[in-house]
Amino acid sequence: MLLAEAGLLERTQLYATDISPGALGNARSGILQRPLDVDVLERYKASGGRGELREYFTPLNGQLRLNDNLLQRIAFEKHDLVQQPNHVSAHLILCRNVFIYFGHELKNRVLDKLADALVPGGFLAIGVEESISLCESYRRFDILSRKAGLFRKKLGC
């Protein structure tokens with residue numbers, strides 16, 4: 001939505017990955033899993049949203065479905081962060097609430113894979129309750145906002 005508002009959607013390919021086929025099926029349907037309540041609307045505006053959030057959804061059987069012009073920009077793929085190699089060169093990776101399930105060695109291995117997948121200067125967003133500061137690969141990132149879990153891959157790393 002923010003990419004559409006910035007005029008960047010047509011130049012963007014989004015990859016939504018998960019290890020769970022069920023989670024991917026839910027996401028692929030485009031059906032909103034929660035209502036557009038005050039919290040969702042406030043987060044949209046705080047993220048820089050300028051439009052009306054409802055404009056990005058179509059009513060469907062009493063629920064809301066993401067509009068096709070947005071949904072068609074997303075490739076939904078099963079991917080195991082631990083076992084499979086990365087297959088993209090990304091400017092932004094959102095990997096929220098994943099590291100909390102990993103021990104130190106696995107965290108470092110996955111963080112290294114994510115760093116390899118990011119272009120120099122690319123962004124990594126992790127969950128606000130997660131920490132990667134003890135990982136060896138952490139040195140490949142600059143902290144943009146610890147509170148928001150936002151990092152930037154250093155140039156030359």
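Since we're looking at a predicted model, the values are computed, not measured. Note: hydrogens, waters and symmetry copies are ignored here, and every other heavy atom, side chains too, is used.
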Donor-acceptor contact present, side-chain Arg65 to main-chain Leu32, <3.5 Å: no

Contacts of type side-chain contact (heavy atoms from CB on, under 4.5 Å), residue Glu52, not counting sequence neighbours: Glu55

To the nearest 0.5 Å, what is the distance between CZ (Phe141) and OG (Ser133)? 13.0 Å

Answer yes if Tyr101 and Leu114 sit in the same cluster of Ile, Leu, Val, Met, Phe, Trp and Tyr residues linked by side chain heavy atoms under 4.5 Å apart, and no otherwise. yes

Check whether any side-chain N or O of Glu5 sits under 3.5 Å from a backbone N or O of Leu2 as a donor-acceptor pair, and report yes or no. no

Nearest non-hydrogen partners of Gly156 and Pro120, listed with the distance: N-CB, 4.4 Å

Identify every side-chain donor-acceptor pair in residues 14-21 under 3.5 Å, counting partners at least two apart or on other chains, and give the distances.
residue: Asp18; atom: OD1; partner: Ser20; partner atom: N; Å: 2.8
residue: Ser20; atom: OG; partner: Gly22; partner atom: N; Å: 3.3
residue: Ser20; atom: OG; partner: Ala23; partner atom: N; Å: 3.1

Do Leu36 and Leu71 belong to the same hydrophobic cluster, where Ile, Leu, Val, Met, Phe, Trp and Tyr are linked whenever their side-chain heavy atoms lie under 4.5 Å apart, directly or via other members? yes

Do Ile132 and Phe151 come within less than 4.5 Å of each other through their side chains, counting heavy atoms only? yes

The test is side chain to side chain contact (heavy atoms under 4.5 Å, CB included); show your working for His104 and Glu136 and say whether it passes. CA-CA 10 Å; His104 176 72; Glu136 290 82 18; 3.7 Å; yes

Side-chain donor/acceptor pairs under 3.5 Å, residues 72-82, sequence neighbours excluded:
residue: Arg73; atom: NE; partner: Leu9; partner atom: O; Å: 3.2
residue: Arg73; atom: NE; partner: Thr12; partner atom: O; Å: 2.9
residue: Arg73; atom: NH2; partner: Glu10; partner atom: O; Å: 3.3
residue: Arg73; atom: NH2; partner: Thr12; partner atom: O; Å: 2.4
residue: Glu77; atom: OE1; partner: His87; partner atom: NE2; Å: 2.8
residue: His79; atom: NE2; partner: Pro85; partner atom: O; Å: 3.2
residue: Asp80; atom: OD1; partner: Val82; partner atom: N; Å: 2.9
residue: Asp80; atom: OD1; partner: Gln83; partner atom: N; Å: 3.2

Under the salt bridge (Lys or Arg N to Asp or Glu O under 4.0 Å) test, which residues partner Asp142, sequence neighbours left out? none

For residues 109-137, which residue pairs qualify under ring-ring contact (aromatic ring centres under 6.0 Å, His included), counting only residues two or more places apart or in two chains? none

By the rule that ILVMFWY residues connect when side-chain heavy atoms come within less than 4.5 angstrom, directly or transitively, which residues belong alongside Ile31? Leu60

I need the full list of salt bridge (charged side-chain N to carboxylate O under 4.0 Å, His left out) pairs touching residues 108-124, with sequence neighbours left out, sorted by first then second residue. Asp112-Arg140, Asp116-Arg140

Nearest 0.5 Å please: distance from the OH atom of Tyr56 over to the CG atom of Asn67. 9.5 Å

Side-chain donor/acceptor pairs under 3.5 Å, residues 90-99, sequence neighbours excluded:
residue: Arg96; atom: NH1; partner: Ile126; partner atom: O; Å: 3.1

For Gln33, does the CD atom have more than 12 heavy-atom neighbours from other residues, nucleotides or ligands under 6.0 Å away? yes

Can you list every side-chain hydrogen bond (donor to acceptor under 3.5 Å, both in side chains) pair that touches residues 148-157, not counting sequence neighbours? none

Any side-chain heavy-atom pair from Thr58 and Leu64 closer than 4.5 angstrom? no

How would you list, by chain and number, every residue that makes a side-chain hydrogen bond (donor to acceptor under 3.5 Å, both in side chains) with Ser145, sequence neighbours excluded? none

Joint cluster assignment, Leu150 & Val128, ILVMFWY side-chain distance < 4.5 Å: no

Going by the rule salt bridge (Lys or Arg N to Asp or Glu O under 4.0 Å), which residues pair with Arg43 if we only count those two or more places apart in sequence or in a different chain? Asp39

Has Asp37 got a side-chain atom pairing as donor or acceptor with Val40's backbone, closer than 3.5 angstrom? yes

Gap separating the SG atom of Cys135 from the CG atom of Leu111, nearest 0.5 angstrom: 5.5 Å

Does Val119 belong to the same Ile/Leu/Val/Met/Phe/Trp/Tyr cluster as Leu124, with side-chain heavy atoms less than 4.5 Å apart forming each link? no

Leu134: hydrophobic cluster co-members (side-chain, 4.5 Å): none

Heavy-atom neighbours of Arg34 CZ exceed 12 at 6.0 Å: yes

